[in-house]
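Every chain is numbered from 1, with letters handed out A, B, ... down the list of sequences.
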Amino acid sequence: MPKAAAGKRKEVKKRGKKDPNAPKRGLSAYMFFANEQRENVREENPGISFGQVGKILGERWKALNDKQRTPYEAKAAADKKRYEDEKQAYNAEADESS
DNA sequence: ACATTGATTGTTGCC
DNA sequence: GGCAACAATCAATGT
C-alpha cells in the first residue's frame, strides 16, 4: 500500500526547511467545513468533548455528498489560491533577478 | 516521470 | 499556547 500507515503527524523530523519564506499553505476543505459544522455539531451534541465532536465532524464530512463538499472544496480552492499568491511571491523572491 | 512524504491548516476543550 | 482525532492538500522532494 502506498504511503505509510496512519500514524503521528509530523513526528520529529523536518524536511530541512528549504523554503526561505515558507509560504505556508492554504487551508483544507475540512477547515471550512469544521468552521460551519462545529456550531451545528456542538448544537446537536451539547456538552460533548472534542473527542466526540472531532469524530462526528469527520463522519458528517464524509456523510456529505460531493455536491455538499463543493462549497467547502470551493473555500479550500479559494484559500489555495491565496496560498498560490504567496507561492508566487516566494518564487519571485527566490529568483530575485533584479 | 512517478511515488512518497512532510509540512501546514483549523475545530474544540482543558491545563 | 499546545495537544489530541479528524480530513484535505499539495508542493517539494526523492527514487
Enumerate donor-acceptor pairs with a distance under 3.5 Å from any side-chain N or O in residues 58-68 of chain A to protein atoms, sequence neighbours excluded.
residue: A:Asn65; atom: ND2; partner: A:Gln68; partner atom: OE1; Å: 2.6

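- No continuous path of ILVMFWY side-chain contacts below 4.5 Å connects A:Val41 to A:Phe50, so the two sit in separate hydrophobic clusters.
- Shown for residues 61-77 of chain A: residues whose heavy atoms fall under 4.0 angstrom of DNA chain C, namely A:Trp61, A:Lys62.
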Under the criterion side-chain contact (heavy atoms from CB on, under 4.5 Å), I'd like the reasoning laid out for A:Phe33 against A:Arg38: C-alpha separation, chi angles, the key distance, then a yes or no. CA-CA 8 Å; A:Phe33 168 81; A:Arg38 114 210 117 158; over 6 Å; no
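- Nucleotide B:dT8 holds its C1' atom 11 Å from the CD atom of A:Glu86, rounded to whole Å.
- Of all heavy-atom pairs between A:Pro23 and A:Glu86, the closest is CB-CB, 3.6 Å.
- Side chains of A:Tyr30 and A:Gln37 form no contact here, defined as non-hydrogen atoms less than 4.5 Å apart.
- With rounding to the nearest 0.5 Å, the separation of OH in A:Tyr72 from CE in A:Met31 is 13.0 Å.
- Looking at residues two or more places apart in sequence or on another chain, you find a salt bridge (charged side-chain N to carboxylate O under 4.0 Å, His left out) between A:Arg82 and A:Asp85.
- Residues forming a side-chain hydrogen bond (donor to acceptor under 3.5 Å, both in side chains) with A:Arg42 (at least two apart in sequence, or on another chain): none.
- Listed in residue order, the members of residues 28-49 of chain A having a heavy atom less than 4.0 Å from DNA chain C are A:Ser28, A:Tyr30, A:Met31.
- Side-chain atoms of A:Tyr90 lie closest to C:dA12 of the nucleotides B:dT8, B:dT12, C:dA12.
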Can you check side-chain contact (heavy atoms from CB on, under 4.5 Å) on A:Val53 and A:Asn45, steps first, answer last? CA-CA 8 Å; A:Val53 186; A:Asn45 304 281; 5.6 Å; no
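- Here A:Lys75 contributes atom NZ and A:Ser28 contributes atom OG; the two are 13.0 Å apart, rounded to the nearest 0.5 Å.
- If A:Phe50 and A:Arg25 are placed on DNA chain C by their nearest nucleotide, the residue sitting closer to the 5' end is A:Phe50.
- Near DNA chain C, defined here as any heavy-atom distance below 4.0 Å, the residues from residues 52-60 of chain A are A:Gly54, A:Lys55, A:Gly58, listed numerically.
- Put simply, NZ on A:Lys24 is 14 Å from C1' on B:dG6, counting in whole angstrom units.
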